[in-house]
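To start, the structure under review is shown below, and the notes come after it.
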Amino acid sequence: MYLAGAAAAVAALLWLQRRLWPHLWADARFLLRALRCRRRVLRGAAGSSLAQRFASLARAAPQRLFLRFEARSFSYGQAERASRRVANALRAWRGPGGPLLPGQTVALLVGNEPGFVWAWLGLARLGAVPAFLGTGLRRGALLHCLRGCGARALLVARDLCDSVEPLLPTLQELGVVVWVWGPGPCPPGVTSLQELVEEASEEPVPPDLSTPRDMMDTCLYIFTSGTTGLPKAARISHHKSIMCLGFYRLVGASSKDVIYVALPLYHMSGSLLGIVGCIGIGATCVLKRKFSASQFWGDCQHYGVTVFQYIGELCRYLVNQPKREGERNHSLHLAVGSGLRPDVWREFLQRFGNIRIVETYGMTEGNITFFNYTSTLGAVGRGSFLYKLFSPFELVRYDVLRGAPVRDAAGWCQRVGPGETGLLIAPVTPQNPFLGYAGGRELSEHKVLHGVFTAGDAYFNTGDLMVHDAAQFVYFRDRTGDTYRWKGENVATTEVAEALAALDSLQEVNVYGVAVPGYEGRAGMAAIVLRPGCELDGARLYSHVVEFLPPYARPRFLRVQDHLATTQTFKQHKVRLANEGCDPTRLPDPLYLLDDASEAYVPLTPRLWEGVISGAVRI
């Protein structure tokens, strides 16, 4: 009788749990996996650097395949020896500036190639601090980055020398040594590092050179994308780089996997998550110079790819490719990344088969991460109390016009409820630090909120607007700088873009707000690319936005382009487009205006524009 009663009670509790907390066990499993992963990573990391961890793996499995690049393959042992040669070559350097010392910064201007990895690990062996530079940087922006990270030297790939050559006199004045990764001849004052490396020893360098004095010391600089200003050098600690060893283990990958990395290595997703995450499980990495949608499935078949490291735009490129036979004949079983729109997510699975997608969220300099380990469409992760034990955060009310969190009469921030958009912030603590940026203290301070809920507390301001639902899933809404205000309402560009992208004639969409003379706030505008063979149907597009968007969120202007410009990390340009505005006399692209009277988008002529700015035509 007692057993029957106990069984009934357990059944009732399980029924209640499924009704009230249906994802409780998924949350608990992830938390346990995260704790085991953390313990495993840190067990061998006490006082050790990434270079030392790589050396340990290379000694344990020297023949294991590490890197495949084009027609070449490198084992962990070969990679270890290559990085030793780089370290010994730089250690023996006696040219301008003298020998390279621990703690000095060396900037890398190198694209996706094995030499990037060898140089990175070689510098780390010497205790130097690599600074990853975007390969698209030129002149003023490049010089700004070199100054910002305090570079003592610059290592540049042979194919990128042209971007550095105009700066050589200035770099010499600044005392920045320039090495070229590639054969000579080189301009005066520039040395070919490749020739030095080929002559260098493969013997190990003293391990004390790479042993951190403190795991929170900077071991690497990664620059922000610079979409809203000049890039900033984010500090990456030894601790953070070591923790990235557990990334792929955390999402369920193993040493048997073959991981496809086509993201730029100067970006955190490509280097710390792609390369370091691969090292963490002893897997094989297929490294591409750049992503090609037309080559992707062929590469997957050729290399036996099982895991794909994505940014949402890459998945969109794939679903926009013409359908072909055999695109489901692959061994890909896991795709991990960030920024995947729900519509693309859905079509990706429909076309390419049963691939587990793990959407994540994180920032190079941030102290908050999300993992959508339940593969819930559109979510970036979970916000349950169990998940907050792994990665604490809060969502607080945000005033778009003021560009600041809303505070009550006592001066405290206000948490949002389910379904309400809020600013994502994370507590800054010794266990959850924000290391900031190289340079002046003010660069880092503007990212920290003080006195959020209590006197003396501090929170990292991600600058991202999120929403959590009643089931405790968290969804990305917009960047604070991208959300605009129109007709007294806040408009999230991502929501408008998703609605427009559902129209089958549109291939690409980028939504932003533009200033219009005589109006407060910003009017919605969408830059669009039509699918091949499609023409803009103004009446159909009007009907679509009326059906799916509230009046204040409907784009007032359209700009039809052949392609949408993106950064090298595949982020859409919004600031530049917003600054270019919607004046048809200044823009070469066809423009359209939402016209309620004709229930269509109509061509925006100079005469019609004059009516808009004079007030004769209301928008």
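Computed from a predicted model, the values in this text were never measured in an experiment. Residue numbers run from 1 in the order of the sequence given.
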Please report whether the ring centroid of [Y] lies less than 6.0 Å from that of [X].
{"X": "Tyr317", "Y": "Phe296", "answer": "no"}
{"X": "Tyr221", "Y": "Tyr437", "answer": "no"}
{"X": "Phe66", "Y": "Phe74", "answer": "no"}
{"X": "Phe393", "Y": "Tyr459", "answer": "no"}

Got [X] and [Y] here, is their nearest side-chain heavy-atom distance under 4.5 Å?
{"X": "Cys285", "Y": "Arg68", "value": "no"}
{"X": "Ile236", "Y": "Leu435", "value": "no"}
{"X": "Asn579", "Y": "Val514", "value": "no"}
{"X": "Ile425", "Y": "Thr462", "value": "no"}
{"X": "Trp179", "Y": "Ser192", "value": "no"}
{"X": "Leu245", "Y": "Leu50", "value": "yes"}
{"X": "Phe247", "Y": "Leu272", "value": "no"}
{"X": "Leu587", "Y": "Arg559", "value": "yes"}

>> One pair to check against side-chain contact (heavy atoms from CB on, under 4.5 Å): Val177 and Thr191. What are the steps and the verdict?
In response: CA-CA 9 Å; Val177 179; Thr191 303; 5.9 Å; no

Check whether any side-chain N or O of [X] sits under 3.5 Å from a backbone N or O of [Y] as a donor-acceptor pair, and report yes or no.
{"X": "Asp399", "Y": "Ala404", "answer": "no"}
{"X": "Gln104", "Y": "Leu101", "answer": "yes"}
{"X": "Ser271", "Y": "Leu265", "answer": "yes"}
{"X": "Arg53", "Y": "Val41", "answer": "yes"}
{"X": "His446", "Y": "Leu443", "answer": "yes"}
{"X": "Gln52", "Y": "Pro207", "answer": "yes"}
{"X": "Asn432", "Y": "Pro427", "answer": "yes"}
{"X": "Arg158", "Y": "Pro183", "answer": "yes"}
{"X": "Ser391", "Y": "Thr369", "answer": "yes"}
{"X": "Thr360", "Y": "Gly337", "answer": "yes"}

>> Assess the residue pair Tyr398 and Thr480 against the criterion (side-chain contact (heavy atoms from CB on, under 4.5 Å)); give the C-alpha distance rounded to whole Å, side-chain angles, the decisive distance to 0.1 Å, and a yes or no.
In response: CA-CA 9 Å; Tyr398 184 79; Thr480 53; 3.6 Å; yes

>> Which residue in the set Val106, Thr105, Ile222, Val129 passes side chain to side chain contact (heavy atoms under 4.5 Å, CB included) when paired with Cys149?
In response: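 So, applying the side chain to side chain contact (heavy atoms under 4.5 Å, CB included) to Cys149 and each of Val106, Thr105, Ile222, Val129, only Thr105 qualifies.
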
>> Which residue is it: Val110, Leu123, Leu67, Val197? I am looking for the one with a side chain to side chain contact (heavy atoms under 4.5 Å, CB included) to Trp118.
In response: Leu67

> Step by step, would you call Asp482 with Lys574 a salt bridge (Lys or Arg N to Asp or Glu O under 4.0 Å)?
Replying inline: CA-CA 7 Å; Asp482 294 340; Lys574 291 183 183 285; 5.0 Å; no

Within the supplied structure, the quantity of interest is the number of heavy atoms (other residues, nucleotides, ligands) at a distance under 6.0 Å from [X] [atom1]; does it exceed 12?
{"X": "Arg38", "atom1": "CZ", "answer": "no"}
{"X": "Arg289", "atom1": "CZ", "answer": "yes"}
{"X": "His563", "atom1": "NE2", "answer": "no"}
{"X": "Asp208", "atom1": "CG", "answer": "yes"}

Looking only at side chains, do [X] and [Y] share a donor and an acceptor under 3.5 Å apart?
{"X": "Asp464", "Y": "Tyr361", "value": "yes"}
{"X": "Arg235", "Y": "Thr218", "value": "yes"}
{"X": "Ser338", "Y": "Glu359", "value": "no"}
{"X": "Glu580", "Y": "Tyr512", "value": "no"}
{"X": "Arg125", "Y": "Ser83", "value": "yes"}

Closest approach of [X] and [Y], non-hydrogen atoms and distance?
{"X": "Ala141", "Y": "Leu137", "value": "CB-CD2, 3.9 Å"}
{"X": "Leu395", "Y": "Gly422", "value": "CD2-O, 4.1 Å"}
{"X": "Gly280", "Y": "Arg249", "value": "O-NH2, 3.2 Å"}
{"X": "Pro130", "Y": "Phe132", "value": "CB-CE2, 3.9 Å"}
{"X": "Arg522", "Y": "Tyr484", "value": "O-CD1, 3.3 Å"}
{"X": "Pro405", "Y": "Leu449", "value": "CG-CD1, 3.8 Å"}

Output the distance between atom [atom1] ([X]) and atom [atom2] ([Y]), rounded to the nearest 0.5 Å.
{"X": "Lys288", "Y": "Asn112", "atom1": "NZ", "atom2": "CG", "answer": "10.5 Å"}
{"X": "Leu121", "Y": "Leu126", "atom1": "CG", "atom2": "CG", "answer": "11.5 Å"}
{"X": "Arg152", "Y": "Leu174", "atom1": "CZ", "atom2": "CG", "answer": "13.5 Å"}
{"X": "Asp457", "Y": "Thr429", "atom1": "CG", "atom2": "OG1", "answer": "11.5 Å"}

> How far apart are the C-alpha atoms of Arg586 and Asp583, what are their side-chain angles, what is the distance that settles it, and do they pass the salt bridge (Lys or Arg N to Asp or Glu O under 4.0 Å) test?
Replying inline: CA-CA 6 Å; Arg586 297 184 177 182; Asp583 184 345; 3.8 Å; yes

>> Taking side-chain contact (heavy atoms from CB on, under 4.5 Å) as the definition, give me every residue that meets it alongside Arg81, ordered by chain and number, with sequence neighbours left out.
In response: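 So Arg81 forms a side-chain contact (heavy atoms from CB on, under 4.5 Å) with Gln78, Arg85, Glu202.
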
>> Checking Leu109 against Leu155 for the side-chain contact (heavy atoms from CB on, under 4.5 Å) test, could you report, in this order, the C-alpha distance in whole Å, the side-chain angles of both residues, the deciding distance, and whether it holds?
In response: CA-CA 6 Å; Leu109 187 61; Leu155 173 58; over 6 Å; no

>> Does Asp217 form a side-chain contact (heavy atoms from CB on, under 4.5 Å) with His238? I'd like the steps, not just the answer.
In response: CA-CA 6 Å; Asp217 285 346; His238 290 280; 4.0 Å; yes

> Relative to the ring of Phe308, is the ring of Tyr260 parallel (under 30°), tilted (30 to 60°) or perpendicular (over 60°)?
Replying inline: perpendicular

